[in-house]
2 protein chains.
Amino acid sequence: MKTQKDNIQQLLKNAKLRLTPQRLVILEALLSLNHPNAEELALYVRKTHPNIAVGTVYKTLETFLECQLITKVDLPGDSIRYDAIQLPHHHLVNPDSGRLEDYYDDDLFALIENYLKEKPVQDFDLKEVKLQIIGKFTQKK
Amino acid sequence: MKTQKDNIQQLLKNAKLRLTPQRLVILEALLSLNHPNAEELALYVRKTHPNIAVGTVYKTLETFLECQLITKVDLPGDSIRYDAIQLPHHHLVNPDSGRLEDYYDDDLFALIENYLKEKPVQDFDLKEVKLQIIGKFTQKK
DNA sequence: TTCTTAGATGAGAATCATTCTTATTTAGAT
DNA sequence: ATCTAAATAAGAATGATTCTCATCTAAGAA
């Protein structure tokens, strides 16, 4: 029976990173919070590591980015948010409130990627597509 | 025979904004440069207005955003970039180099929007979609 | 178990993109 | 020409992020 902690450890081992307590809890935070920024991560981590340096949070995030454990998330004018979900997904965004949610729809992904296969972008080596769906949430979270 | 300058003036008049020289040249820069950030705009403007305050650039951009003359452009971890193009378009992005280009394909837009009409996102009032196509440019600009 | 070492962290300083503040200037109406 | 509200200039302030350097420690070897 693998726990979340085991999964997190496995992710770090797969990435050949050291299993420091700080890294474990930061990755846990990234998997638990909704697209947290550095400040939100720091708040979460400080519950168990009151003395963690904010520089460590940033440095850890940078390391995770380099290993592609996580990605940065687009949101104009907001502080950088991070995303640890590896499954293909889109983002629902309300620019007014800054709320950001994952949206999973494999068919939509397939539709876009097939279209771009049939009609490739010239002079561009496509790696992935990201769709932002902008609007308003009509249901309280 | 309308010049670009006339067009710019018309855009500002339509938005009920005053036609200050600074605003004229900033909008010209926004229409001439490729998704400039504030610094790039300031450099462009300083050719004709050496004493412009950087705060004025930012304040002008904010005013243009409020009037929806321009939009901010997503690019994780980069400084805010701005876009004055009003026609529907996607963005081609190379995250490694930071290069960003417009990509026009009305069919792709229609495809996505039709899909989302047929399969609406629950509890979400959709306003627009933005597609980022991530990869590498294979042709020198 | 101990030792070693390269990697990671802590603490605080530095950077810089952006926003704020206040005095001055000016676009546009009359 | 005058007036006024809006816009600008100049510089200070803010805060998210990065840098620096001393210290700590995960993990591998013995």
Side-chain angles (χ1 to χ4, degrees), chain A residues 5 8-27 29-30 35-46 48-67 69-82 98, chain B residues 5 8-27 29-30 35-46 48-67 69-82 98:
Chain A
K5 188 168 179 180
I8 289 168
Q9 289 184 346
Q10 196 60 51
L11 285 170
L12 290 176
K13 284 178 186 169
N14 290 345
K16 304 192 194 310
L17 296 176
R18 293 181 178 204
L19 307 200
T20 68
Q22 294 88 347
R23 286 176 174 175
L24 290 169
V25 71
I26 288 173
L27 195 46
L30 284 159
H35 303 96
N37 59 27
E39 180 63 28
E40 284 161 347
L41 288 168
L43 281 177
Y44 185 101
V45 173
R46 281 198 197 109
T48 51
H49 299 72
N51 295 322
I52 195 167
V54 69
T56 299
V57 175
Y58 280 111
K59 182 63 183 175
T60 304
L61 289 170
E62 184 188 347
T63 304
F64 287 172
L65 283 164
E66 285 168 3
C67 298
L69 272 180
I70 66 173
T71 58
K72 289 178 184 177
V73 180
D74 310 341
L75 204 52
D78 196 3
S79 57
I80 304 174
R81 294 185 179 199
Y82 299 91
Chain B
K5 187 168 178 179
I8 289 168
Q9 288 183 344
Q10 195 59 51
L11 286 171
L12 290 176
K13 282 176 186 171
N14 291 344
K16 304 194 192 310
L17 295 176
R18 294 181 177 202
L19 306 200
T20 68
Q22 294 88 345
R23 287 177 171 174
L24 288 169
V25 71
I26 288 172
L27 195 46
L30 285 158
H35 302 95
N37 59 27
E39 179 62 26
E40 284 161 348
L41 287 169
L43 282 176
Y44 184 101
V45 173
R46 282 201 196 106
T48 51
H49 299 71
N51 296 322
I52 193 166
V54 69
T56 299
V57 174
Y58 281 111
K59 181 64 182 174
T60 304
L61 289 169
E62 182 189 348
T63 304
F64 286 172
L65 284 164
E66 284 168 1
C67 298
L69 271 180
I70 64 175
T71 58
K72 289 178 182 177
V73 181
D74 310 341
L75 204 51
D78 196 3
S79 56
I80 304 174
R81 293 187 179 196
Y82 300 91

Would you mind classifying the nucleic acid contact of A:Thr60 as base, sugar-phosphate or nothing, using non-hydrogen atoms under 4.0 angstrom? sugar-phosphate
Given that A:Glu39 and A:Gly55 both sit by DNA chain D, which one's nearest nucleotide is further toward the 5' end? A:Glu39
Using a 4.0 Å heavy-atom cut-off across all strands, classify B:Pro21 as base, sugar-phosphate, or nothing. sugar-phosphate
May I ask you to evaluate whether B:Thr20 reaches the phosphate of C:dT26, defined as a side-chain N or O under 4.0 Å from OP1 or OP2? no
Among D:dA10, D:dT17, C:dT18, the one nearest B:Ala53 by side-chain distance: D:dA10
Check the distance between C:dA6's C1' and A:Leu17's CG and give it to me in whole angstrom. 14 Å
Report yes if at least one side-chain N or O of B:Arg23 is closer than 4.0 Å to OP1 or OP2 of D:dA7; otherwise report no. yes
Inter-residue atom distance A:Lys13.NZ - A:Ile8.CD1, 0.5 Å rounding: 12.5 Å
For C:dT18, does either OP1 or OP2 sit under 4.0 Å from a side-chain N or O belonging to B:Tyr58? yes
Could you tell me the separation between the CD atom of A:Glu62 and the P atom of C:dG7, rounded to a whole number of Å? 15 Å
In whole Å, what is the span from the NZ atom of B:Lys59 to the P atom of D:dA5? 17 Å
Rounded to whole Å, how long is the line connecting atom CG of B:Leu12 with atom P of D:dA6? 17 Å
Round to the nearest Å and state the distance from B:Leu19 atom CG to C:dA27 atom P. 10 Å
Between B:Lys59 and B:Thr56, is a side-chain contact (heavy atoms from CB on, under 4.5 Å) present by the stated rule, with each step listed? CA-CA 5 Å; B:Lys59 181 64 182 174; B:Thr56 299; 5.6 Å; no
Separation of D:dT25 atom P from A:His49 atom NE2, nearest Å, is 11 Å
Specify the separation, in whole Å, of atom CZ of B:Arg81 and atom C1' of C:dT18. 17 Å
Donor-acceptor pair, A:Arg23 side chain versus A:Leu12 backbone, under 3.5 Å? no
Just to be sure I understand the rule, does B:Asn51 reach a base, reach only the sugar-phosphate, or reach nothing, if contact means heavy atoms closer than 4.0 Å? sugar-phosphate
Non-neighbouring partners of A:Tyr58 that pass side chain to side chain donor-acceptor pair (under 3.5 Å), sequence neighbours left out: none
Closest listed nucleotide, where the reference is the side chain of B:Ile52 and the choices are D:dA27, C:dT18, D:dA9: D:dA9
NZ of B:Lys16 versus C1' of D:dA6: gap in Å, rounded? 16 Å
At what distance, to the nearest 0.5 angstrom, does CG of B:Leu11 lie from CG of B:Leu17? 10.0 Å
Under 4.0 Å between a side-chain N/O of A:Gln22 and OP1 or OP2 of D:dT25, yes or no? no
If you pin B:Lys72 and B:Arg18 to their nearest nucleotides in DNA chain C, which one's is more 5'? B:Lys72
